[in-house]
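Shown next, in structure tokens, is the structure this report addresses.
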Amino acid sequence: MNLNPRKITTHIILLIATISIIVYFLPRNESKELSYEENRPWEHSMLRAPFEIYVYPDTTEVIDSINAAFAPICACDNNIIDSISKQLSNDKLLAQTILPVLQNQYNAGVVNAEMYNKIKQGILPTVRILQGKTLKKVSTANFMSPRQLYLFVDSLVQDSITRSRLKKVNLSRLLLPNMSIDEAKSQKAYNEDLTIATAPIGIIMQNERIIDRGEIVTPKHYRILKTYQEMLKERAPESNRSQWLHLMGQSFYVLILISLLYIYLHNFNNEIIYKKSNLLFILLLITAFSILASFTSIIFNYGIYLVPFVIIPIVILVFFDARTALFCHIIEILICASFTSSPLEFIVIEFCAGTAAIYSLKVLSKRSQLLRTALLVFLAYILSYISMEVFINGTLTNAALRVTGFMAINAVMTSFAYILIFVIEKLFGLISVVTLVELSDINNPLLRRLSEQCPGTFQHSMAVSNLAADAAGRINANVQLVRTGALYHDIGKLENPAFFTENQRGVNPHDALPPEKSAEIVIHHVTDGLKLAAKAKLPTIIEDFISQHHGCGKAKYFYITYCQNHPEETVNKAMFTYPGPNPTSKETSILMMADSVEAASRSLSEHSTSAITELVNRIIDSQIEDGLHNDSPISFRDIKIIKEAFINRVSTMYHSRVVYPDDKNTPNQQHHSPKA
């Protein structure tokens, strides 16, 4: 395969973009936190304190505790009740009946409406009041607002005389709150409580063991580890961090892995590199799952096991082959291993799950197969996880229930891979085996119409389909794609069936037309086919078989006829040239060869092996000489195998039958040729 400078530039841009995005989301040394969970085993090696660690309590818990228990300081204004007493002392009746009630309540506490609402809601159960030099905590259960106090007094008054006197003094105007929160003193007290509560609760000396592998992370360990990581960030000066060196290391690591992918594709599946959309699809798939792994590992502990990595080999298997699927899966899990604190365990588990997915599918022809795959993937996850736990820790007591839950969710998401397959088909013009099987059903409206209106063309398409599929299987091309594309390659003949030999019944309309007009009609079946394909919403990759099965070749019969009729005229070759383009894949190249060979074989008068061999070689060599396969990644070795396949297949199609002698002694004997 030869890449022009423009394609090489495109590949370099894709490579740089992929590496840059993946490296951007990889964890950094300075920000990477140790993965641990309270009441779960410590999964890392022994951790010793590199410096003295002052252990502080959990700030969130401390603040919540202080907020729940803190009682604000209230200031008491005794002038309010004194003012009320002066107002009511002029009336002996009120002074004797109402004033004692008011004095009693003001001694208990009268607060404003806002504070009273907090008390009723349980937000302010207690307050502190300064008595002499001592703060005394008192309950707010007996506190009242001025309105509540007024209603209470009003409920005590029964006679009309007292009630009229109360109205005269306008008691509601006199009742004011005497208790209010002293914000300055309360804030000072709150800060003092916070300082005391957040003081260090212990110290870890330098080189003292913090925790060892397999130990349970107790609440005490948890606080120490959080403090350790916070101090580690503060103590590491920016100048001492080898950020750029670490970044370079990550970049080279990803570069090596993506380069290995390029090397593999170049050696074993170069059609992916040759077609930009295929390569873009694979790189985007790897990049997208790397980003997803980054986010899940940040949000959840063991969150990376939520990512359905097995979707990668499933999707690539559907569109390409199992070997490419497995290789891409390995590249992906090697990249994402940096997101977990146990990379060996992660790599083994995901490799087993991916292998199980590829084995269970092989060829995805029914969407229901994904359900079986999901079950096998889950079993692979569980068995590999258990084996790695026993291998690393020597026991199953450290196995995390959360991990198995994540794996179950992962397996369920795997069964919905067909949704992603459908989206990819639309975005990248790829096509799955499931879709190809559906399209190759001869009850499809377009194929049924072809069989009814153009029976000769339909039989030709069926024969080409079988011929091309046989050759495709021998060179590891996409057999189902070739088979389906061949069925649709001549649908444009539906517009003018009678102008094509296989549909004619004795009358040839070309006899009454000049060669250039006949060539125009014949050539137009390509553009007619593309219009019908667009109307039927056939995939782009099927349209390629329609547009490329003649490439930029010529309608040679009419071209030669025209040249013979106009020997001294300079012929405009464009009148006899198909619009193309030339084949751009192995599959479309195979179809071009099969189409020409099948059509030409019908005109052979002798069907001997030598005659068929000469025909196949002449047609295919002529196409190569005309440069019709220059844009295809097909190799000379492939072409040799294709020729052999065509020769064997066509020879079988036209094999001779054994002639049975008549038995003249048997009366009324019906003679039948043998079924072969």
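We number each residue from 1, following the sequence as shown.
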Subject >> Pair Arg163-Asp154, side-chain contact (heavy atoms from CB on, under 4.5 Å): steps then yes or no >> reply: CA-CA 8 Å; Arg163 189 174 295 279; Asp154 185 65; 2.6 Å; yes
Original post:
Can Asn39 and Val217 be said to form a side-chain contact (heavy atoms from CB on, under 4.5 Å), step by step?
Top reply: CA-CA 5 Å; Asn39 298 322; Val217 180; over 6 Å; no
Original post:
When you look at Phe428 and Phe319, which way does the side-chain contact (heavy atoms from CB on, under 4.5 Å) test go after all the steps?
Top reply: CA-CA 11 Å; Phe428 295 94; Phe319 293 117; over 6 Å; no
Original post:
Hey, mind stepping through Ile316 and Leu285 against side-chain contact (heavy atoms from CB on, under 4.5 Å) and telling me if it holds?
Top reply: CA-CA 9 Å; Ile316 295 178; Leu285 194 64; 4.0 Å; yes
Subject >> Asp182/Ser180 under side-chain hydrogen bond (donor to acceptor under 3.5 Å, both in side chains): CA gap, chis, key distance, verdict >> reply: CA-CA 6 Å; Asp182 190 328; Ser180 62; over 6 Å; no
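Using modelled atom types, one side-chain atom of Ser20 and one backbone atom of Ile16 make a donor-acceptor pair closer than 3.5 Å. Formation of a donor-acceptor pair under 3.5 Å by the Thr340 side chain with backbone atoms of Ala337 is not found in this model. Looking at Glu332, its side chain never comes within 3.5 Å of a backbone N or O of Phe309 through a donor-acceptor pair. Not a single donor-acceptor pair under 3.5 Å links the side chain of Ser145 to the backbone N or O of Asn112. Thr435 places no side-chain N or O within donor-acceptor distance of the main-chain N or O of Ile431, the cut-off being under 3.5 Å. When atom types are taken as modelled, the side chain of Ser387 and the backbone of Ser384 share a donor-acceptor pair closer than 3.5 angstrom. For the pair Arg128 (side chain) and Ala71 (backbone), a donor-acceptor distance under 3.5 Å is present.
For the pair Leu306 and Asn410, the minimum side-chain heavy-atom distance is 4.5 Å or more. No side-chain heavy atom of Thr126 sits less than 4.5 Å from a side-chain heavy atom of Val138. Side-chain contact check for Ile358 versus His329: every heavy-atom pair is 4.5 Å or farther apart. Using a 4.5 Å cut-off on side-chain heavy atoms (C-beta onward), Val110 and Leu175 make no contact. Between Leu255 and Val23 there is no side-chain heavy-atom pair separated by less than 4.5 Å. For the pair Leu361/Ile314, a side-chain contact is recorded, criterion being any heavy-atom separation below 4.5 Å from C-beta on. At a threshold of 4.5 Å between non-hydrogen side-chain atoms, the residues Ile81 and Asn178 do not count as touching. Proximity of Val127 to Leu124: side-chain heavy atoms (C-beta onward) are separated by under 4.5 Å at one or more points.
Taking both residues in full, the closest heavy atoms of Val310 and Ala357 are given as CB-CB, 4.3 Å, listed atom of the first, atom of the second, then distance. The shortest non-hydrogen separation linking Met115 to Met179 is SD-O, 4.4 Å. The two atoms that bring Phe378 and Ala411 nearest to each other are CB-CB, 3.7 Å, heavy atoms only. Summarising the geometry of His221 relative to Ile216, their closest heavy-atom pair is ND1-O, 3.3 Å, with the distance given to 0.1 Å. For Ser251 against Ile19, the heavy-atom pair with the smallest separation is O-CG2, 4.1 Å. Of all heavy-atom pairs spanning Thr414 and Ile311, the tightest one is CA-CG1, 4.2 Å.
Taken from OG in Ser415 to CG in Leu370, the straight-line distance is 7.5 Å, to the nearest 0.5 Å. Rounding to the nearest 0.5 Å places CZ of Phe339 at 14.0 Å from CD1 of Ile333. One finds the CD1 atom of Ile386 at 9.0 Å from the OG1 atom of Thr404 (value rounded to the nearest 0.5 Å). The CD1 atom of Ile291 lies 10.0 Å from the SG atom of Cys336; values are rounded to the nearest 0.5 Å. Asp77 CG to Leu176 CG: the interatomic distance, rounded to the nearest 0.5 Å, is 9.0 Å. Glu192 CD to Gln187 CD: the interatomic distance, rounded to the nearest 0.5 Å, is 11.0 Å.
Partners of Phe152 under the ring-ring contact (aromatic ring centres under 6.0 Å, His included) rule, at least two apart in sequence or in another chain, do not exist in this structure. For Tyr106, there are no ring-ring contact (aromatic ring centres under 6.0 Å, His included) partners at least two apart in sequence or on another chain. Residues forming a side chain to side chain donor-acceptor pair (under 3.5 Å) with Arg165 (at least two apart in sequence, or on another chain): Asp91. Listed by chain and residue number, Thr59, Asn67, Tyr190, Leu194 satisfy the side chain to side chain contact (heavy atoms under 4.5 Å, CB included) test with Ile63 (two or more places apart in sequence, or in another chain). Partners of Glu38 according to the side chain to side chain donor-acceptor pair (under 3.5 Å) rule, which considers only residues two or more places apart in sequence or in another chain, do not exist here.
Within 6.0 Å of atom CZ in Phe416, 12 or fewer heavy atoms from other residues, nucleotides or ligands are found, so the atom counts as exposed in its surroundings. Atom CD1 of Ile161 sits in a sparse spot, with 12 or fewer heavy atoms from other residues, nucleotides or ligands closer than 6.0 Å. Shown here is Arg147, whose CZ atom has no more than 12 heavy atoms of other residues, nucleotides or ligands within 6.0 Å.
Counting only N and O atoms by type, the side chains of Glu350 and Tyr381 include a donor and acceptor under 3.5 Å apart. Counted by atom type alone, Asn117 and Gln121 present zero donor-acceptor pairs between their side chains at under 3.5 Å.
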Donor-acceptor pairs under 3.5 angstrom involving side-chain atoms of residues 94-105: please list them, not counting sequence neighbours.
{"from": "Thr97", "atom 1": "OG1", "to": "Leu93", "atom 2": "O", "distance (Å)": "2.7"}
{"from": "Gln105", "atom 1": "NE2", "to": "Gly109", "atom 2": "O", "distance (Å)": "3.0"}
{"from": "Gln105", "atom 1": "NE2", "to": "Asn142", "atom 2": "O", "distance (Å)": "2.9"}

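Taking the six-membered ring for Trp and the full ring otherwise, Phe346 and Phe351 have centroids separated by 6.0 Å or more.
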